[in-house]
Structure formats: C-alpha cells, structure tokens
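What's counted below: heavy atoms across the whole structure, side chains too, no hydrogens, waters or symmetry copies.
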Amino acid sequence: MATKTTFKDVWKTLSAIDCNEFVKKRKGTKGGFEASYLPWAWAWKVMVENYPQATYKFTKFGEHKDSDVMVYDNRTCAVECTLYIDDLERTMWLPVMDN
C-alpha cells in the first residue's frame, strides 16, 4: 500500500535542503525595504526533484478571468498561485514589487 503524502512530510523533506547559496536579495523602491527570496526556477527545480508529481496553477482574475494579476483600486497588484502535490494543495499570494 502506498504511503499518503502529508504536509509534514513535504515540509520535512524541503526544509532540510540547504538553499543559502541560491538566496537573492532585492531592494524595494520605497523605505529601504530589502527582500530575500529564492528564484522561482530554482525552487521549482528542487520541488520536482523531490515531488515529480507536483503541479501549479496561477489564479485568474478579472471579469473574464483572463489575467493572472489582481489589480487593486489603489493601483497595487498581486499574483496568486496554488501548488498541488498528490491530494495536497497550498495557495499563496505575492505582491508585485516592481511594475
């Protein structure tokens, strides 16, 4: 019988990977904010090396669901992505930092 994948197992597997050499930093345009992040391409590579069945989907917004960017009334915007591994799914949003 196959073992069911759990969030705990995924966390244990991925959090054990040393990613320090791949961390990038980006300064914000206002207030001296600096964000540390992992490039999406590198993170996705690590994900599929460990969970080849993983998939993702960007949320579509707008009247016709034709945009993957949510634009707010104050002209800021964000993107949202859902990651799937077997029966697990997690959704996360990210503000658009530059244009």
Side-chain angles (χ1 to χ4, degrees):
M1 175 180 357
T3 313
K4 184 175 179 178
T5 305
T6 66
F7 285 115
K8 183 177 180 179
D9 295 332
V10 173
W11 176 256
K12 185 176 179 181
T13 298
L14 297 178
S15 66
I17 298 169
D18 180 6
C19 56
N20 288 328
E21 76 175 276
F22 299 99
V23 172
K24 304 287 184 192
K25 294 193 182 282
R26 180 180 177 107
K27 288 191 183 255
T29 56
K30 297 180 182 175
F33 173 75
E34 183 174 77
S36 296
Y37 67 96
L38 290 171
W40 172 262
W42 183 84
W44 184 247
K45 173 186 161 293
V46 170
M47 177 63 73
V48 296
E49 285 175 350
N50 289 276
Y51 298 96
Q53 72 276 31
T55 59
Y56 64 90
K57 180 177 166 184
F58 284 94
T59 304
K60 296 291 187 179
F61 301 99
E63 182 180 344
H64 303 289
K65 301 286 185 202
D66 56 355
S67 174
D68 57 4
V69 178
M70 168 60 102
V71 180
Y72 299 100
D73 291 340
N74 66 359
R75 297 180 37 146
T76 61
C77 51
V79 294
E80 183 179 277
C81 182
T82 302
L83 175 68
Y84 304 90
I85 302 172
D86 298 332
D87 292 335
L88 304 176
E89 70 178 72
R90 280 274 163 91
T91 300
M92 187 62 197
W93 61 272
L94 182 69
V96 175
M97 306 276 288
D98 191 11
N99 296 318

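Residues Y51 and L14 meet the side-chain proximity criterion, which asks for heavy atoms closer than 4.5 Å.
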For residues 69-84, tabulate all N or O donor-acceptor pairs below 3.5 Å that involve a side-chain atom, not counting sequence neighbours.
residue	atom	partner	partner atom	Å
N74	OD1	T76	N	3.0
N74	OD1	T76	OG1	2.6
E80	OE2	T59	OG1	2.8
T82	OG1	T91	OG1	2.7

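Heavy-atom minimum distance, K4 versus D9: O-OD2, 3.9 Å.
Cluster annotation: L38 is connected to M47 through the hydrophobic network of ILVMFWY side chains, with a link wherever side-chain heavy atoms come within less than 4.5 Å. Under the 4.5 Å side-chain heavy-atom criterion for Ile, Leu, Val, Met, Phe, Trp and Tyr, I85 and W44 are members of the same hydrophobic cluster.
Ring pair W40/Y56 is perpendicular by interplanar angle, where above 60° counts as perpendicular and below 30° as parallel.
Taking the side-chain hydrogen bond (donor to acceptor under 3.5 Å, both in side chains) definition, one finds that D18 meets it with N20, sequence neighbours left out. In this structure S15 satisfies the side-chain contact (heavy atoms from CB on, under 4.5 Å) test together with W11, sequence neighbours excluded. Applying the side-chain contact (heavy atoms from CB on, under 4.5 Å) criterion to L88, with sequence neighbours excluded, gives T5, F7, V10. Partners of K24 by side-chain contact (heavy atoms from CB on, under 4.5 Å), not counting sequence neighbours, listed by chain and number: Y37, P39. Taking K65 as the reference, nothing meets the side-chain hydrogen bond (donor to acceptor under 3.5 Å, both in side chains) condition, with sequence neighbours excluded.
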Decide side chain to side chain contact (heavy atoms under 4.5 Å, CB included) for I17 and N50; before the verdict, give the C-alpha distance in whole Å, the side-chain angles of both, and the deciding distance to 0.1 Å.
CA-CA 11 Å; I17 298 169; N50 289 276; 3.7 Å; yes
Might you work through the side chain to side chain contact (heavy atoms under 4.5 Å, CB included) test for D66 and K60, ending with a clear yes or no?
CA-CA 6 Å; D66 56 355; K60 296 291 187 179; over 6 Å; no
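With rounding to the nearest 0.5 Å, the separation of CG in D86 from OG1 in T6 is 10.5 Å.
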